[in-house]
Amino acid sequence: MAQARVKARSSRKESVFGERFAVFAECLLTGVWIAVACLGVVTYPAAFAAGARHLRRRTTHEVGGWREFVADFRAAVRGGWAVGLAGWAVAAAVRVDVLAARAGLPGGPLVGAVGILALIGLAVALLRAAAVWTPGRAWRALLAEAGRRTVLDPVGSFLVVCGLAVVTLSAWFVAPLAVPVLGAVAASAVAVEERYRRR
């Protein structure tokens, strides 16, 4: 009888471990899907939105795979391409600020630092918006709400920044690692949004 209880407990622990490992593996696979979907250059918001929705389905035990990811990506890219284009414009403006800071222009270092912090804040807001995207939601409204959450939930925003730092460090050490780790960034944004929702 006691042995049966021990076996039951150990099998439960193994199933919990197996479930968590399966979610981790799904994050890595989703990272590859996100990377492929980002090849359109301005499609990265839609790619992260589709990846986040896929991971939300996975954690709630809903059926979903590559086909559902592609369908979500197509729906998200309709308005998401403009967001992607705006993101590149902001990144170009920050690059000009940083170059001005390096050139030694008066006030350049301050402008460069503010530009970099603003770019990080916008990236966090974009990821938080993508984490809650559903078909039919307007990107403008999603970004406005995510911007407020980015400011009102600094701990959650810091966790998303940590996810971005993991991708950056992975790419710096071994560039191919950055591809699957993109899924972990999407998962961190989903987890942060779920944490905020339950507060």
Side-chain angles (χ1 to χ4, degrees), residues 20-56 58-59 66 69-70 72-73 76-77 80-102 109 111-133 139 143 146-147 150 154-195:
R20 290 179 181 165
F21 187 78
V23 171
F24 173 70
E26 198 70 32
C27 286
L28 298 181
L29 176 63
T30 304
V32 174
W33 293 353
I34 290 170
V36 170
C38 284
L39 292 176
V41 182
V42 295
T43 57
Y44 61 91
F48 274 99
R53 188 146 192 260
H54 172 72
L55 291 172
R56 287 198 316 266
R58 177 66 180 84
T59 56
W66 172 250
F69 175 87
V70 171
D72 286 338
F73 174 73
V77 84
W81 70 268
V83 176
L85 188 63
W88 284 116
V90 169
V94 170
R95 179 168 167 72
V96 169
D97 287 347
V98 170
L99 290 175
R102 287 185 178 171
V111 171
V114 168
I116 289 172
L117 288 175
L119 183 63
I120 292 170
L122 288 172
V124 169
L126 176 65
L127 285 168
R128 294 187 77 151
V132 296
W133 175 87
W139 277 98
L143 287 168
T150 299
V155 174
S157 297
F158 177 73
L159 292 172
V160 176
V161 170
C162 289
L164 289 169
V166 167
V167 170
T168 304
L169 290 172
S170 299
W172 186 46
F173 287 124
V174 183
L177 278 180
V179 171
V181 172
L182 288 173
V185 172
S188 71
V190 168
V192 162
E193 286 301 311
E194 183 63 21
R195 171 187 165 274

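Below, all heavy atoms of this structure are taken into account, side chains as well, without hydrogens, waters or symmetry copies.
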Side chain proximity check, His54 to Glu26, heavy atoms < 4.5 angstrom = yes

### Message
Can you confirm whether more than 12 heavy atoms, excluding those of Trp172, are under 6.0 Å from its CH2 atom?
### Response
no

Report the relative orientation of the aromatic rings in Trp88 and Tyr44; use parallel for angles under 30°, tilted for 30 to 60°, perpendicular for over 60°. perpendicular

Anything under 3.5 Å between a donor and an acceptor, one on a side chain of residues 45-52, the other on a protein residue two or more places apart or in another chain? List them.
none

Smallest heavy-atom separation, Val160 atom then Ala189 atom, equals CG2-CA, 4.2 Å

- Query: Does any N or O in the side chain of Arg53 come within less than 3.5 Å of the main-chain N or O of Phe73, such that one atom is a donor and the other an acceptor?
  - Reply: no

What one should report as the nearest heavy-atom pair of Leu143 and Ala129 is CD2-CB, 3.8 Å

I'd like a table of donor-acceptor pairs (distance under 3.5 Å, sequence neighbours excluded) in which one partner is a side-chain atom from residues 161-171, with atom names and distances.
unit_1	atom_1	unit_2	atom_2	d
Thr168	OG1	Leu164	O	3.0
Ser170	OG	Val166	O	2.7

So CZ of Arg128 and OG1 of Thr150: to nearest 0.5 Å the spacing works out to 5.0 Å

Between the CH2 atom in Trp133 and the CG atom in Asp72, the distance rounded to the nearest 0.5 Å is 4.5 Å

Validation row: Trp139, Leu126 side chains within 4.5 angstrom (heavy atoms): yes

- prompt: Can you check whether Arg58 reaches Cys27 side chain to side chain, under 4.5 Å on heavy atoms?
  reply: no

Contacts of Arg95 meeting salt bridge (charged side-chain N to carboxylate O under 4.0 Å, His left out) (sequence neighbours excluded), chain-then-number -> none

